[in-house]
2 protein chains.
Amino acid sequence: MSKHTILIIEDEEDLLELLEYHLQKEGYETLGFLSTKNVEKCLEEERVDMLIVDRNLPGAEGSEFVASLRKKGLNQAVIFVTAKNSDMNIEEGFLRGGDDYVTKPYNMKELLLRIKAILARTVPEKNTLLLYRDLSLDLEAHLLHVDSLAVELTKLEFDLLRTLIENKNSVLSRNFLLENVWKNEEFFQDKTVNVAINRLKSKIDPTKEKEYIKSIWGVGYTLC
Amino acid sequence: MSKHTILIIEDEEDLLELLEYHLQKEGYETLGFLSTKNVEKCLEEERVDMLIVDRNLPGAEGSEFVASLRKKGLNQAVIFVTAKNSDMNIEEGFLRGGDDYVTKPYNMKELLLRIKAILARTVPEKNTLLLYRDLSLDLEAHLLHVDSLAVELTKLEFDLLRTLIENKNSVLSRNFLLENVWKNEEFFQDKTVNVAINRLKSKIDPTKEKEYIKSIWGVGYTLC
DNA sequence: TGAAACGATTACAATATGGTAACATAAAAA
DNA sequence: TTTTTATGTTACCATATTGTAATCGTTTCA
């Protein structure tokens, strides 16, 4: 799963760095800005999941800036950060399209928790993609793309390829595969695996140019 | 548009009344409880859009109660209200499925703003249509338009199509559908789904030209 | 080098799964 | 009440999938 990206506008350089440090430690991508300059362009070019905006910015008021972005279709969640904490200002922030409001000095742990809670609500969960070379297996949609070209697999072939990718650094014995893909190793024979592997190979690589699956003599199969 | 309904669990009776008063003044329906007793039953029977929960409840810990509800499938947003404000407790609240955390004594205006912001994110707008290709599902009016032509669906067919559209990027197993559309997966058989899908298909695409619904052999159904 | 063991490939048959129509029953409408 | 509608079940047929066996090719090792 790819990382969430958080765009931050904060004019105090030290604070921006500190915030970016903590967010990156939590596994987020960050895009830091010291002013609203270039932010719009960045939003057009990058996929951004959330914004953290200081209201006190040089030359612009953070919540007004966000309000103008909202008018242009910004849909991502926004957390306002500010030293101001009078009722009036909090209200303005929410009315101009804020999703949360944190006042300085803020507790970093709390801010991180708020970010996490809001992202959980606003960013739709990505489908789990299993990747291997130019293969991309979408477990939800039950879809395989080979070099971004859709290829149809049967349930057995799909499960087999998934097991191979999930264990891409091991050689899988026929017994292991019978246990994990067929679920009943005693009922079938080793040859069954051979044939299934073969069918899978011919679907994901009909011209036999790419050699995804290698057989290890006397041991089993593995991705190579 | 119908009112949003907010369920409140707060053991201080005065505070509960005050909160209900303000929420009602803002146009919300409220369901007040002095303890966790009967809350589960109420959630089963009433449509609730959000919960406000005090963490300090007689005989139960609010966030533990919410965590247990989440396990049973509660999906609505929860705001915790509490006098506690140590980091540790805020963290617990978020980890147990809270969407926001407000400490007493709280500013009523701010709480109302937070409620509004969260509802805007979590409750799908009633008037929005669910769209898929030339299908348009109006959840309020319980109406389907196919290429702007009205088509009548039964409740079951409607729920089925809604579930398919809401999960348009996933293959849905018959069990998933029995759970989510029929609500009682154990009572019915897989074939029931086949027949229902079939009836739905013939209503939305009687000439079988458009192929909205695809069956994935051995897995389930999906929109294509 | 040659035999044995193992893997690849192909064809075929059995099985599992899905589609469809007909029927039965329960719920809603008239 | 009678009639209509909705929906679960069953039966039967069509088709996709997949195990098996037969055959051919390749590797291993004496």
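Reminder, nothing fancy here: chain letters follow the sequence lines and each chain counts from 1.
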Below 3.5 Å is the cut-off: list the nitrogen or oxygen pairs between protein and nucleotides 24-30 of chain C, distance only.
none

At under 4.0 Å, does any side-chain N or O of S215(A) touch on OP1 or OP2 of dA8(C)? yes
Can you tell me if the side-chain N/O atoms of W182(B) get under 4.0 Å from OP1 or OP2 in dT7(D)? no
Quick one: side chain to side chain contact (heavy atoms under 4.5 Å, CB included) partners of E17(B), sequence neighbours excluded? E13(B)
E64(B): which residues meet the side chain to side chain donor-acceptor pair (under 3.5 Å) condition with it, sequence neighbours left out? none
Residues in residues 192-203 of chain A with a heavy atom under 4.0 Å of DNA chain D, by number, are T192(A), V195(A), R199(A)
For K214(A) and dG7(C), is the shortest distance between a side-chain N/O and OP1 or OP2 below 4.0 Å? no
Which residues pass the side chain to side chain donor-acceptor pair (under 3.5 Å) test with E46(B), sequence neighbours left out? none
Kindly write out the residues that satisfy side chain to side chain donor-acceptor pair (under 3.5 Å) with K155(B), not counting sequence neighbours, or none if the list is empty. D159(B)
Can you pull every protein N or O that's under 3.5 Å from an N or O on nucleotides 23-26 of chain D?
none

Inter- and intrachain pairs under ring-ring contact (aromatic ring centres under 6.0 Å, His included), touching residues 116-159 of chain A, at least two apart: H142(A)-F158(A)
Check DNA chain C against residues 153-181 of chain B and give the residues with a non-hydrogen atom under 4.0 Å, in numerical order. R174(B)
Y221(B) vs dT17(C): side-chain N/O to OP1/OP2 distance below 4.0 Å: no
Test of understanding: with side chain to side chain donor-acceptor pair (under 3.5 Å), list the residues that count as partners of E209(A), not counting sequence neighbours. T207(A)
For the helix from dT1(C)-dA30(D) to dA30(C)-dT1(D), what angle separates the axis at the start from the axis at the finish, each from five pairs, in steps of 10°? 30°
Ignoring hydrogens and geometry, is there a side-chain-to-backbone donor-acceptor pair from D205(B) to K210(B) under 3.5 Å? yes
Applied to residues 172-181 of chain A, the side-chain hydrogen bond (donor to acceptor under 3.5 Å, both in side chains) test, sequence neighbours excluded, yields R174(A)-N194(A), R174(A)-Y221(A)
